[in-house]
Amino acid sequence: MTREDKLIKELEHGDMSALDELISLYYSDILRYCICHTADRQTAEDAVQETFLKTVRYLDRYIHKGKFRAFLYQVAANTCVDMWRKKHQEEQLPDTFECLEQGFKRAETEMDFMLLIKELPKEQREIIYLRFAHELTQKEIGQILNLPQRTVQSRLRAALKRMKKELGKGGILHEEI
């Protein structure tokens with residue numbers, strides 16, 4: 001039984017301290033995701049708060065099948081889109097996944113990665129970003145984006161092939177499928 005499973009079970013039995021642990025377990029991942037999908041750090045923090053509020057509000061509807069992490073990412077993705085709409089900005093994800101957090105420095109390899117995925121079509125870009133920046137499985141990505149796992153796999157392969165072509169012969173990326 002994973003830590004997540006244990007906490008969900010405790011929560012189902014009324015132990016509200018398990019909720020605090022669940023939030024602590026995933027807070028930094030969800031914040032990092034929201035930073036890259038909102039205009040600034042403050043908006044990202046608001047999105048994280050809203051994500052966890054929505055999660056708590058609808059927790060009684062959630063049926064645990066070992067997919068709570070994917071559930072959280074899906075709520076976060078929807079929350080970020082809602083926040084974009086509320087601010088009368090584009091109703092889609094930004095064209096670049098540059099993190100806008102002030103003072104945030106990236107390693108050179110991460111910057112190269114971000115520049116490479118910038119050139120991908122949007123549907124491939126989000127899959128690559130979730131797979132490698134957030135280390136989600138193809139199954140989790142499918143749940144988040146509401147896509148069949150085969151579609152995720154196909155788009156992932158196409159994106160990796162395109163990125164490898166960009167890097168030239170002997171590129172540094174390897175398919176991890």
Side-chain angles (χ1 to χ4, degrees), residues 2-5 22-41 43-45 47-48 51-52 55 65-84 90-177:
T2 67
R3 181 174 178 201
E4 176 186 289
D5 294 333
L22 267 175
I23 291 171
S24 295
L25 183 63
Y26 293 114
Y27 187 89
S28 61
D29 290 338
I30 298 301
L31 177 61
R32 193 173 77 223
Y33 179 86
C34 290
I35 285 172
C36 292
H37 287 81
T38 57
D40 55 51
R41 171 89 185 205
T43 305
E45 289 174 353
V48 172
T51 295
F52 284 108
T55 301
K65 296 178 183 173
K67 303 171 184 175
F68 187 74
R69 180 180 179 202
F71 173 72
L72 271 178
Y73 273 97
Q74 188 171 24
V75 173
N78 291 338
T79 300
C80 289
V81 169
D82 289 346
M83 293 183 102
W84 275 95
E90 291 182 27
E91 291 186 11
Q92 53 191 292
L93 295 173
D95 286 336
T96 65
F97 284 106
E98 287 185 273
C99 295
L100 302 174
E101 180 182 19
Q102 217 173 37
F104 186 74
K105 293 182 180 180
R106 276 180 254 179
E108 185 176 338
T109 55
E110 187 175 338
M111 182 60 99
D112 290 344
F113 174 75
M114 298 305 277
L115 290 172
L116 274 174
I117 68 170
K118 176 183 172 186
E119 302 302 319
L120 294 173
K122 289 177 186 175
E123 67 274 358
Q124 291 178 355
R125 185 183 320 138
E126 183 70 358
I127 289 171
I128 290 288
Y129 181 72
L130 289 170
R131 174 67 183 95
F132 295 103
H134 289 276
E135 299 176 354
L136 296 174
T137 66
Q138 290 177 30
K139 189 173 185 176
E140 290 171 323
I141 294 168
Q143 291 165 350
I144 292 166
L145 300 177
N146 198 26
L147 293 171
Q149 189 171 346
R150 293 257 187 218
T151 302
V152 172
Q153 184 179 31
S154 171
R155 289 180 183 175
L156 180 61
R157 285 181 187 214
L160 289 172
K161 184 176 179 182
R162 188 172 178 160
M163 290 170 71
K164 189 172 184 176
K165 184 178 177 183
E166 285 293 319
L167 288 172
K169 193 173 181 178
I172 60 172
L173 293 179
H174 303 284
E175 291 189 38
E176 295 184 18
I177 300 173

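For the single chain, residues carry numbers from 1 onward in sequence order.
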Problem - Contact check, side chains of Leu160 and Ile128, non-hydrogen atoms, under 4.5 Å - result: yes
Problem - Inter-residue atom distance Gln138.CD - Leu130.CG, 0.5 Å rounding - result: 12.0 Å
Handout entry: Heavy-atom closest pair, residues Glu126 and Tyr33
Key = OE2-OH, 3.1 Å
Exercise for the section: Answer yes or no: is there a side-chain heavy-atom contact under 4.5 Å between Pro121 and Arg162? Expected result: yes
Handout entry: Nearest non-hydrogen partners of Glu45 and Leu31, listed with the distance
Key = CG-CD1, 4.0 Å
Practice task
Output yes when a side-chain donor or acceptor of Ser154 lies under 3.5 Å from a complementary backbone atom of Arg150, and no otherwise.
Solution key: no
Exercise for the section: Using the six-membered ring wherever Trp is involved, compare the ring planes of Phe71 and Phe68 and label them parallel, tilted or perpendicular (cut-offs 30° and 60°). Expected result: tilted
Practice task
Report yes if some heavy atom in the side chain of Ile127 is under 4.5 Å from a heavy atom in the side chain of Leu145; otherwise report no.
Solution key: yes
Exercise for the section: Heavy atoms only: give me the nearest Thr51-Thr55 pair and the separation to one decimal. Expected result: O-OG1, 2.7 Å
Exercise for the section: Could you check if a side-chain atom of Lys67 sits within less than 4.5 angstrom of a side-chain atom of Lys139, using non-hydrogen atoms only? Expected result: yes
Exercise for the section: Looking only at non-hydrogen atoms, find the nearest pair between Arg69 and Glu135 and report the distance. Expected result: NH2-O, 3.7 Å
Practice task
Work out which heavy atom in Leu120 is nearest to a heavy atom in Arg125; give both atom names and the distance.
Solution key: O-NH2, 3.1 Å
Exercise for the section: Evaluate the side-chain proximity of Leu72 to Phe52: yes if any heavy-atom separation is below 4.5 Å, no if none is. Expected result: yes
Exercise for the section: Locate the shortest heavy-atom distance separating Ala47 from Thr38; write the atom from each residue and the value. Expected result: CB-CG2, 4.4 Å
Practice task
Taking the side chain as every heavy atom from C-beta outward, state whether Leu147 and Glu123 have any pair of such atoms under 4.5 Å apart.
Solution key: no
Practice task
Taking atom types as modelled, find out whether Tyr73 and Gln143 have a side-chain donor-acceptor pair closer than 3.5 angstrom.
Solution key: no
Handout entry: Check: Ile141 main-chain N/O paired with Arg131 side-chain donor or acceptor under 3.5 Å
Key = no
